There are 2 protein chains.
Amino acid sequence: MQRMTRQRAAVSDLLAGTDDFRSAQQLHEMLKDRGEGIGLATVYRTVQVMADNGDLDVLRNADGESLYRQCASRGHHHHLVCRRCGATVELDAASVEKWAATVGAQHGFTAVEHTAELFGLCAECTARQQSEDS
Amino acid sequence: MQRMTRQRAAVSDLLAGTDDFRSAQQLHEMLKDRGEGIGLATVYRTVQVMADNGDLDVLRNADGESLYRQCASRGHHHHLVCRRCGATVELDAASVEKWAATVGAQHGFTAVEHTAELFGLCAECTARQQSEDS
DNA sequence: CGTCTCATGCAAACGATTCTCACTCTGCCG
DNA sequence: CGGCAGAGTGAGAATCGTTTGCATGAGACG
């Protein structure tokens, strides 16, 4: 059975109010800042449960860290993520789905899954970057 | 400067003779089995240098481990990888490239990179799986 | 309220990868 | 060929994100 605890509510709340992909450690940090008493392990556990339920999307950044986000569309979709601030755009990509299915079948593979994520700098971070470079 | 040592030759050799994606630890294991004396750290270093040189392709599996492979085509391309045995098919996907470029631009993102890999069970492993299930 | 469990928190455990450092060998020069 | 400088190596310690074990705490339902 699934219980609703103060900690779960807090994580859920935080994610509901964020549009960007965040790591478990970032979430933990943010919760502490909010004054929520919560252990890191609990954040990991909570986030994992939510991901299993399909309430959260998970992806791995270039460093291999797991990032979490509550996405608007609950089905399969892809993302365009700012590698700097985590800002995210959800993407539908019928062309990619088709490509994956076709190619998999062509080579006799079964149970084919695919990952397809775009990482870049959002408009804001691009501007910030340029002023830093100067 | 780049020196050619016994260890580097061994790694290079091993990879040249393998068609599948392998983790650094697997490579290390295989080299030990071959009777090559080589440290795990050295395998990691070598593989990293080769990847930097573009001699090796790197990707991360579902567990976040890095897998390495010497690909035929040295440019940008994608893979269809057997999640069980590592068997790999190299893929060109103009449609995916186009998609990534278009979508990135549409949302004002710059420096957009993308990952797109397919994981499945190759024909062989599919058969093996079925006989195990019985 | 009481009890039955699931959830939490801390600290220890983990696994992949990286770093440290003393020692070894390659590549190059005379 | 012999010697030297510095890149490369190996073994183990250190990192870092993540997971787990275990004693304690607290939802939910009677």
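In this text, all values refer to a predicted model and were calculated from it rather than measured experimentally. Every chain is numbered from 1, with letters handed out A, B, ... down the list of sequences.
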Identified side-chain contact (heavy atoms from CB on, under 4.5 Å) partner of B:Val81 from the options B:Arg83, B:Arg84, B:His79: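 The passing option is B:His79.
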Under 3.5 Å side-chain donor-acceptor pair for A:Ser73 and A:Glu90: yes
Residues A:Thr110 and B:Thr126: side-chain donor-acceptor under 3.5 angstrom: yes
Straight-line distance of A:Gln26 CD to A:Tyr68 OH, nearest 0.5 Å: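 Separation between the atoms: 12.0 Å.
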Base of D:dA7 paired with side chain of B:Arg3 (donor-acceptor, under 3.5 Å):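 Such a pair exists between side chain and base.
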Comparing B:Tyr68 and A:Gly39 on DNA chain C - which has the more 5′ nearest nucleotide: A:Gly39
Residue whose nearest DNA chain C nucleotide is more 5′ - B:Thr5 or B:Ser66: B:Ser66
For [X], which contact category applies under a 4.0 Å heavy-atom criterion: base, sugar-phosphate, or nothing?
X	result
B:Arg45	base
A:Gly64	nothing
A:Gln26	nothing

Compare the minimum distances between each of [options] and the side chain of [X], then state the nucleotide with the smallest one.
X	options	value
B:Arg8	D:dG8, D:dT19, D:dT18	D:dG8
B:Ala41	D:dG12, D:dT19, C:dC25	D:dG12
A:Gln7	D:dA7, C:dG9, D:dT9	C:dG9

